[in-house]
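See structure below.
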Number of protein chains: 2
Amino acid sequence: MSVTYKYPHPAVTVDAVVFGFDDADLKLLLVQRLAQPFKGQWALPGGFVQMHESLDQGVRRELAEETGIDRLYLEQLYTFGEPERDPRERVISVAYYALVKLNAYHVVAASDASEVAWFAVADLPKLAFDHEKIVETALRRVKAKIRYEPIGFELLPEKFTLSDLQRLYETLLEEPLDKRNFRKKILATDLLVPLDEYQQDVAHRAAQFYRFNRARYEQLRERGFNFEL
Amino acid sequence: MSVTYKYPHPAVTVDAVVFGFDDADLKLLLVQRLAQPFKGQWALPGGFVQMHESLDQGVRRELAEETGIDRLYLEQLYTFGEPERDPRERVISVAYYALVKLNAYHVVAASDASEVAWFAVADLPKLAFDHEKIVETALRRVKAKIRYEPIGFELLPEKFTLSDLQRLYETLLEEPLDKRNFRKKILATDLLVPLDEYQQDVAHRAAQFYRFNRARYEQLRERGFNFEL
DNA sequence: CGAGAAAGTGTGTTTTAGACACTAAGAGTC
DNA sequence: GACTCTTAGTGTCTAAAACACACTTTCTCG
């Protein structure tokens, strides 16, 4: 079964840069390629867009197929279309980035039988195609976005401590933050709900857990509120 | 001459949302469609990406062909890929937005023989395809971006007065700004160079001309400077 | 019960944002 | 050439936000 067109058409893929956060490291989800080209090398999860699905649906499908991840914060990043980025044919890739709660996916199902693994962003293997460039773009975007939108919560579990949150911000912003000022500022946004729960089995004073109040955020945002750290 | 593929491929187009600024109005450049579908309707300039050119090159070529515009600030906006957005076949459109100095292009050459015209953004005609959605997205982007990057200068002529600049900001932000505070803030960035030139033939005190110091901006940006109005 | 380790908490200072109103300059009119 | 019209240009005070900064609390473990 083949298809004929009057003019040449590029192939279109969707690729996903999936970030997770783990104690002190930003992590990236990669899959190992089963086929040529770049067979055996690590690459971003992704694949060809099907004719009946939207781009968003496409990434979601590919992610589920290759990694088992299916509910996440996903946003279009950039479209990469240099003529020579794939040795086989002209391939245009619409890249997305996603933020996931790492601990919710510690075991990654790989129904496509390829290897799937998390890598620290600071220590990535060599990637297939121009995926390094895509990852760089995604990193830049996330680091910029974290400053003015509360996307950091997508990387943390449902319940987290203020120290967890601060650690996340310090990692992404690559600068230390003052504990008192950080807490003052983050609590002033009125986006965190303190829970009646505390850490267990820690060898020091137990920290209180909080959760992100998403409904409140939507509410505030409609009234022109601006999150800024 | 036709082409055959093993699997179906979508067509890929590039479309450009070109903004200009004229005294008090933000304007948008549109072309009139010569062919079906949507024949006779206004649409964004754009067309199919050729196999040997990058996406950036593609938009630039299409823009030059259809409107004669060839040197401008151009940035990728978003990729639109809903399956039904084009009635002919599956078409994925990589949209760009551009900012041009309107007076430099007052006469638009239309080498493709189609009509080309500027429309006030506040008063657009009905557009072909999902181009209204694309324009909305571009508008949102530009309005957001103008706050934290000095892209406004791309819309103004080389030499402009502070009142011109303020009018531009007021139009884009859709709010009046205090003259003294605006001037204080904008001059404090150290990005404007006062010129030894003044308005001519105006029936009131002549305003001084300024120019944007692009080199200075690059310099400051590298040192982590953050433009913000 | 002392040591270690992280949680939690408040104030004073500096910087930045915002409100606000008059004088200066040039052209046009009588 | 005096008056009017129109926009250019300018400074201060107040309020809010950002930032610097250090000690006490709570818990576990040995």
Side-chain angles (χ1 to χ4, degrees), chain A residues 21-24 146-148 150 156-157 159-171 173-211 220 223-229, chain B residues 21-24 146-148 150 156-157 159-171 173-211 220 223-229:
Chain A
F21 186 76
D22 166 6
D23 293 337
I146 193 98
R147 292 176 178 277
Y148 59 89
L156 291 176
K159 301 167 185 179
F160 51 84
T161 68
L162 292 182
S163 296
D164 290 339
L165 189 61
Q166 184 174 346
R167 206 156 28 240
L168 169 64
Y169 272 89
E170 286 179 337
T171 305
L173 300 179
E174 292 176 292
E175 58 179 344
L177 301 172
D178 179 82
K179 187 162 45 154
R180 280 167 298 186
N181 293 336
F182 178 81
R183 292 161 104 93
K184 211 188 312 168
K185 219 161 157 184
I186 206 87
L187 291 175
T189 62
D190 197 21
L191 292 174
L192 294 194
V193 183
L195 304 176
D196 268 338
E197 279 181 74
Y198 293 81
Q199 285 181 322
Q200 302 275 325
D201 303 314
V202 285
H204 52 79
R205 176 169 177 181
Q208 187 168 16
F209 282 111
Y210 288 78
R211 69 169 181 82
L220 287 173
R223 300 196 212 135
F225 158 85
N226 228 22
F227 178 88
E228 197 154 327
L229 193 88
Chain B
F21 186 75
D22 166 6
D23 292 336
I146 194 99
R147 292 175 178 279
Y148 59 88
L156 290 176
K159 301 168 186 177
F160 51 84
T161 68
L162 293 183
S163 297
D164 290 339
L165 188 61
Q166 185 174 345
R167 206 154 29 238
L168 169 64
Y169 272 88
E170 287 180 333
T171 304
L173 300 179
E174 292 178 290
E175 58 180 344
L177 302 172
D178 178 82
K179 188 162 45 155
R180 279 166 299 184
N181 292 339
F182 178 81
R183 292 162 105 94
K184 214 190 309 169
K185 220 161 158 185
I186 206 85
L187 290 174
T189 63
D190 199 20
L191 292 175
L192 293 193
V193 182
L195 304 177
D196 268 338
E197 279 180 75
Y198 293 81
Q199 285 181 322
Q200 301 276 325
D201 303 314
V202 285
H204 54 78
R205 178 170 176 181
Q208 188 169 17
F209 281 111
Y210 287 78
R211 69 171 182 81
L220 287 173
R223 298 195 214 137
F225 158 86
N226 227 21
F227 178 88
E228 197 154 325
L229 193 89

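Sequence lines set the chain letters: A, B, ... in the order given, protein chains first and strands last, and positions in each chain run from 1.
- For the pair A:L162 and A:F182, the tightest heavy-atom approach, listed with the atom from each and the gap, is O-CE2, 3.8 Å.
- Straight-line distance from the CG atom of B:D178 to the P atom of D:dA8: 14 Å, rounded to whole Å.
- Within the nucleic acid shown, A:S163 comes within 4.0 Å of sugar-phosphate atoms alone, with no base atom in reach, counting heavy atoms only.
- Taking every heavy atom of both residues into account, B:V202 and B:R205 meet most closely at CG2-O, 4.4 Å.
- Annotation: of the two residues near DNA chain D, A:K185 and A:A203, the 5′-most nearest-nucleotide partner is A:K185.
- At a threshold of 4.0 angstrom between heavy atoms, the contacts of B:D201 with the nucleic acid are absent.
- Distance from the side chain of A:H204 is smallest for D:dC27 among the nucleotides D:dG11, D:dA18, D:dC27.
- The nucleotide whose nearest atom lies closest to any side-chain atom of A:K184 is, among D:dG9, D:dC19, C:dG8, D:dC19.
- A:Y198 places its OH atom 14 Å from the P atom of D:dT28, with the value rounded to the nearest Å.
- Between the base of D:dT25 and the side chain of A:R205 there is a donor-acceptor pair shorter than 3.5 Å.
- If you take CZ of A:R183 and P of C:dA7, they are 7 Å apart, rounded to a whole angstrom.
- Relative to the side chain of B:A207, the nucleotides C:dA19, D:dG9, C:dC20 differ in distance, and D:dG9 lies closest.
- Here the nucleotide nearest the side chain of B:N181, chosen from D:dA8, C:dT9, C:dG18, is C:dG18.
- If you find the closest nucleotide of DNA chain D to A:V202 and to A:K179, the one lying nearer the 5' end belongs to A:K179.
- Scanning both residues, B:Q199 and B:F209, for their nearest heavy atoms gives N-CE1, 3.6 Å.
- Rounded to whole angstrom, the span from the CD1 atom of A:I186 across to the P atom of C:dT9 amounts to 15 Å.
- Within the 4.0 angstrom heavy-atom criterion, no nucleotide atom of any strand lies near A:Q199.
- Put simply, CD on A:E228 is 18 Å from P on D:dA16, counting in whole angstrom units.
- If you take CG of B:D23 and C1' of D:dT7, they are 15 Å apart, rounded to a whole angstrom.
- Between B:Q166 and B:D178, the closest heavy-atom pair is NE2-C, 4.1 Å.
- Among all heavy-atom pairs drawn from A:A207 and A:T161, the shortest one is CB-CG2, 3.7 Å.
- Look at CZ on A:F182: it is 16 Å from P on D:dA20, rounded to the nearest Å.
- Distance CG (A:N226) to C1' (D:dA17): 15 Å, rounded to an integer number of Å.
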